[in-house]
Number of protein chains: 2
Amino acid sequence: MDPVRRPRGRPRKPVLLEPAALSPRRGLHDQAVERLRALIVVGTLPAGSALVETELSAALGISRTPLREALKLLAVEGLVELRPNRSPLVAELRPDAVTELFEAIAAIERAAAELAALRITPAELDRLRRLQAEMEAHHAAGALAPYFALNQQIHALIVACARNAPLREAHEALHARAEIARRRALDSRARWDESVAEHRAILEALYARDAAGAGRLLADHVGHTGTALIAGLARHAA
Amino acid sequence: MDPVRRPRGRPRKPVLLEPAALSPRRGLHDQAVERLRALIVVGTLPAGSALVETELSAALGISRTPLREALKLLAVEGLVELRPNRSPLVAELRPDAVTELFEAIAAIERAAAELAALRITPAELDRLRRLQAEMEAHHAAGALAPYFALNQQIHALIVACARNAPLREAHEALHARAEIARRRALDSRARWDESVAEHRAILEALYARDAAGAGRLLADHVGHTGTALIAGLARHAA
DNA sequence: TTGGCATGAATTGCATGCAGAGCACCAAAA
DNA sequence: TTTTGGTGCTCTGCATGCAATTCATGCCAA
């Protein structure tokens, strides 16, 4: 028998970059997914750049194994492009891909809005109304960043109210790429005003439990957002 | 002594001009995804069973590393349920999950049909017509298995004709779970006849490039299939 | 008996080693 | 000069080893 009890704590090695501090007990691969997604969305890892496993794992303070798992999951999300025996690339977001992306989001949100109109509870309607009011306040104040956050919450809440897990997961999977597009082209005051008005109409349709109307309005809203973004991207490129 | 260093892995079989398209030589993790998916769909790995990494990796003849990557991907597809620090489980398919699943598939296929009605080429329409004829022949002959295969091909082709990668990927992701439900409840002659008729109507709407009609018909068709399957599952459980 | 805690086996999660694929660079031939 | 073949290096893909976690068992006390 070993008289010396080994110390229970794992030998922590010094972590160079940000050590994923104080996160809930999830695995490193899961944290890596989130951190990498954030880095890609905000552009710290620019589109087209190679993701060399040894470099990235060192930068994240983890080993290659969980990193590889994370890269595979990000590839499913379309944020990363895997190549056999080659370094993965941060996926490029081409204009036609943005078109398809917003077509798909519109399709999913339309269906979600139709279901939500049938299934949403009064409490959820109330929460939507409060979010809408808050969002309009940010709009009035010209606060873009919080506006976007609220806007995103509202869309997510409507999808959640559809009570359909596959639809919600598909929606979440597309969200990061849409966010990339939004960040690249967040301009046009006119579109902003229009968007707020469209949100009002959607909310009213949900209150009226008008499934077809809510679906159509939301799909159109997403479609308009998409075309506006593509226009913005085109301006950006020029 | 052995002067010739032998490779540690499997002996490479001599490959003579094997078309890479048919044998893409992908990584072990990718192959593991397909093999596990097939094993789960046909029920060799029954719902609720624990997937112990060491056992599974030995059974598949691979190590735990690619197996773990495969399990993570199957979890995204909803075929496997991951639990922190516990063995993954083959996901159970509860009746309400089947309902949601077919709601989601109907939503995606409706959107796909609407887009396909606008974008489908004459050649694709022709191919659809031939597939439909072949499927009807199997129906007339009472050949269930090839009928199902053709049926799937038709649905996949319609989605492909929408020219929308995210929609197609979402559709594919849901396919395996739907297949599980189908295999559990493939009965009801009456529903079979009805389904063939519905396919005819969908095809006609596509020919007429009636986007709304094609979308509605296809969504209803998938919805009917879902309710029939749930009824079948209920019979099965009883 | 029963509740609580320690202990050990089983298994996951992560790190790391190693072989091979792919690429760059260079030399030699055309 | 262009092309072809070789050579070395880098990086991926996979296997394996080790620590940490979880669960089951058993012991002790109430």
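In what follows, chains are A, B, ... by sequence order, proteins preceding strands, each numbered from 1.
- Here the C1' atom of nucleotide C/dT12 and the CD atom of B/Glu55 are 13 Å apart, to the nearest Å.
- Of the candidates C/dC14, C/dA15, D/dC14, the closest approach to any side-chain atom of A/Ile62 belongs to C/dA15.
- Atom CZ of B/Arg83 is separated from atom P of D/dT22 by 12 Å (rounded to the nearest Å).
- We find that B/Arg127 and B/Glu124 are not joined by a salt bridge, their nearest charged nitrogen and carboxylate oxygen being 4.0 Å or further apart.
- What separates CD of A/Glu69 from C1' of D/dG13 is a distance of 13 Å, to the nearest Å.
- Note that the CG atom of B/Leu60 and the CD atom of B/Gln31 stand 10.5 Å from one another [nearest 0.5 Å].
- In this structure, CD of B/Gln31 is placed 12 Å from C1' of D/dG13, rounded to the nearest angstrom.
- Taking a cutoff of 4.0 Å between a charged side-chain nitrogen and a carboxylate oxygen, B/Glu100 and A/Arg119 do not qualify as a salt bridge.
- One finds no salt bridge joining A/Glu134 and A/Arg130 here, because no Lys/Arg side-chain nitrogen approaches an Asp/Glu carboxylate oxygen to under 4.0 Å.
- The CG atom of A/Leu67 sits 13 Å away from the C1' atom of D/dG13 (whole-angstrom rounding).
- Regarding contacts with the backbone of C/dT12, a side-chain N or O of B/Ser87 is found under 4.0 angstrom from either OP1 or OP2.
- In this structure, the CZ atom of A/Arg68 is 5 Å from the C1' atom of D/dG13, given to the nearest Å.
- For the OP1/OP2 pair of C/dA15 and a distance below 4.0 Å, the side-chain nitrogens and oxygens of A/Arg64 include no atom meeting the criterion.
- Proximity of B/His29 to the phosphate of D/dG13: no side-chain N or O atom is located under 4.0 Å from OP1 or OP2.
- The backbone N or O of A/Leu45 sits nowhere less than 3.5 Å from a side-chain atom of A/Ser49 that would complete a donor-acceptor pair.
- When distances are taken from the side chain of A/Arg86 to each of C/dG22, C/dT12, D/dT12, the shortest belongs to C/dG22.
- Remark: C1' of C/dC14 and CG of A/Leu71 are 16 Å apart, rounded to the nearest angstrom.
- For B/Thr65, the listed nucleotide lying nearest its side chain is D/dA15; candidates were C/dC14, D/dA15, D/dT12.
- Nearer the 5' end of DNA chain C, as judged by each residue's closest nucleotide, is the contact made by B/Thr54, out of A/Ser63 and B/Thr54.
- Among the nucleotides D/dC14, D/dC23, C/dC14, the one closest to any side-chain atom of A/Pro66 is C/dC14.
- One atom, CG of A/Leu89, and another, P of C/dC23, lie 12 Å apart when rounded to the nearest Å.
- Of the listed nucleotides (D/dT12, C/dC14, D/dT22), D/dT22 has the atom at the smallest distance from the side chain of B/Asn85.
- At the heavy-atom level, B/Leu82 lies nowhere under 4.0 Å from the strands shown.
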